[in-house]
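Take a look at the structure below.
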Amino acid sequence: MLSRIAAVVVPACGTLTVTADPGARPAAGSILVANHTSLADPAVVVAALRRYGVEPVILATSGLWRVPLLGSALRREGHIAVHRGTHRAADSLDAAAVALASGRSVLLYGEGRLPGRRDPGESAPGPFRSGLARLAAATGAPVVPVGQAGARRLCSGSSAKQLAGALTAPLRRPCLHVHIGSPLHLPDRVPEATERAREAVTAAWRTAALRLGELAAPGQEQPGARRFPSRSV
């Protein structure tokens, strides 16, 4: 249901385009990892993935499960709560492994949190946490890097600005772009796997940002990252 709602709401709030590396169609049982810049970007990414017939299980902060209606929808559809900073934090990886084994794809955010910036500009992904690499090592699942740009145009900044952004988005119709990179299998060592995943997501994000004519915030670009070719969907 949430995927269907995102597929309706996101195009109503902005102009969403999607590209992918040649042949980069996410297979069942893949780990999808995206950059996290805004409260709106999960909806943007899910709407883009639905164009490929992918409706992933999402790992998200446990606080969302306390939101009326949203929480019950998350539970009903089998999404996974992440209890950060508690002894239950590792439970989310166990639940994700079960979902992958059943053939479902899993969407997570390697950074694990939103950036502290309040401006609406783009910036490269920050350091990744180790959970992604540990999940990939435990399951052998392929990792699909996903880069999104433009979600901060929907909402960013203070709570008041985020609300104003969401309310005015249907009138402003900001451009949004999602790029899906080629699947990769991460190395066994967690530090190397974590950095390789971050580099791949950074490359996918850069492709998305360039499609919107966006530049990274000063000091945020990552030198030497590869650029991937893209195709329209």
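Numbers here simply count residues along the sequence, with the first being 1.
- When every heavy atom of Gln148 is checked against every heavy atom of Val178, the shortest pair comes out as CB-CG2, 4.0 Å.
- The shortest heavy-atom contact between Ala43 and Val10 is O-CG2, 3.5 Å.
- Expressed to the nearest 0.5 Å, how far OG of Ser72 lies from CD of Glu77 amounts to 9.5 Å.
- Counting only N and O atoms by type, the side chains of Arg211 and His177 include no donor and acceptor under 3.5 Å apart.
- Taking all atoms of both residues into account, the shortest heavy-atom contact from Val33 to Phe128 is CG2-CE2, 3.9 Å.
- Of all non-hydrogen atoms in Ala47 and Ala6, the two that sit nearest each other are CB-O, 3.6 Å.
- Here the side chains of Pro174 and Leu154 are in contact, with some heavy-atom distance below 4.5 Å.
- Side-chain N or O atoms of Arg134 include none that pairs as donor or acceptor with a backbone N or O of Val190 at under 3.5 Å.
- Within the model, atoms SG of Cys13 and CG of Leu167 stand 9.5 Å from one another, a figure rounded to the nearest 0.5 Å.
- With a 4.5 Å cut-off on side-chain heavy atoms, Leu107 and Val146 do not count as touching.
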Please step through side chain to side chain contact (heavy atoms under 4.5 Å, CB included) for the pair Leu16 and Arg51, ending with a clear verdict.
-> CA-CA 11 Å; Leu16 174 62; Arg51 297 186 182 184; 3.7 Å; yes

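- No side-chain heavy atom of Thr194 sits under 4.5 Å from any side-chain heavy atom of Arg129.
- Separation of atoms CZ (Arg152) and OG (Ser38) is listed at 7.0 Å; rounding is to 0.5 Å.
- In this structure the side chain of Leu2 reaches within 4.5 angstrom of the side chain of Leu74, judged on heavy atoms.
- When the ring pair (Phe, Tyr, Trp, His ring centres under 6.0 Å) test is applied to His79, no partner is found at least two apart in sequence or on another chain.
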Kindly list each side-chain donor-acceptor pair under 3.5 angstrom involving residues 63-70, sequence neighbours excluded, with atom names and distances?
none

Considering only distance and modelled atom types, tabulate donor-acceptor pairs under 3.5 Å from the side chains of residues 54-61, sequence neighbours left out.
{"residue": "Glu55", "atom": "OE2", "partner": "Arg50", "partner atom": "NE", "Å": "3.2"}

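- Within a 6.0 Å radius of CZ in Arg75, more than 12 heavy atoms belonging to other residues, nucleotides or ligands are found.
- Both Leu100 and Leu184 are members of a single hydrophobic cluster when ILVMFWY side chains are connected at heavy-atom separations under 4.5 Å.
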Starting from the C-alpha separation in whole Å, work towards a yes-or-no answer on side chain to side chain contact (heavy atoms under 4.5 Å, CB included) for Thr37 and Trp205.
-> CA-CA 11 Å; Thr37 62; Trp205 160 79; 5.7 Å; no

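- Within the model, atoms OG of Ser156 and CD of Glu122 stand 9.5 Å from one another, a figure rounded to the nearest 0.5 Å.
- By the neighbour-count criterion of 12 heavy atoms within 6.0 Å, atom CZ of Arg4 is sparsely surrounded, having that number or fewer from other residues, nucleotides or ligands.
- At least one side-chain heavy atom of Cys175 sits less than 4.5 Å from a side-chain heavy atom of Arg153.
- Placement of Val98 and Val82 in two distinct hydrophobic clusters is found when ILVMFWY residues are connected by side-chain heavy-atom separations under 4.5 Å, directly or transitively.
- For the atom pair NE2 of His185 and CD1 of Ile31, the computed distance is 10.0 Å after rounding to the nearest 0.5 Å.
- Connection of Leu49 to Val144 is established within a shared hydrophobic cluster, with ILVMFWY side chains joined at heavy-atom distances below 4.5 Å, either directly or through further cluster members.
- The two residues Ser92 and Ala81 make their nearest non-hydrogen contact at CB-O, 3.7 Å.
- With sequence neighbours excluded, the residues satisfying side-chain contact (heavy atoms from CB on, under 4.5 Å) with Pro187 are Glu192, Ala193, Arg196.
- Residue Leu114 belongs to a hydrophobic cluster whose other members are Leu39, with links defined by side-chain heavy atoms closer than 4.5 Å.
- With hydrophobic clusters built from ILVMFWY side chains whose heavy atoms lie under 4.5 angstrom apart, Leu186 shares a cluster with Val106.
- Between Leu212 atom CG and Thr207 atom OG1 the span is 11.5 Å, to the nearest 0.5 Å.
- Val18 and Leu32 end up in the same hydrophobic cluster when Ile, Leu, Val, Met, Phe, Trp and Tyr side chains are linked at under 4.5 Å.
- Not counting sequence neighbours, Arg173 has no partner by the side-chain hydrogen bond (donor to acceptor under 3.5 Å, both in side chains) test.
- The two residues Ala151 and Ala40 make their nearest non-hydrogen contact at O-CB, 4.2 Å.
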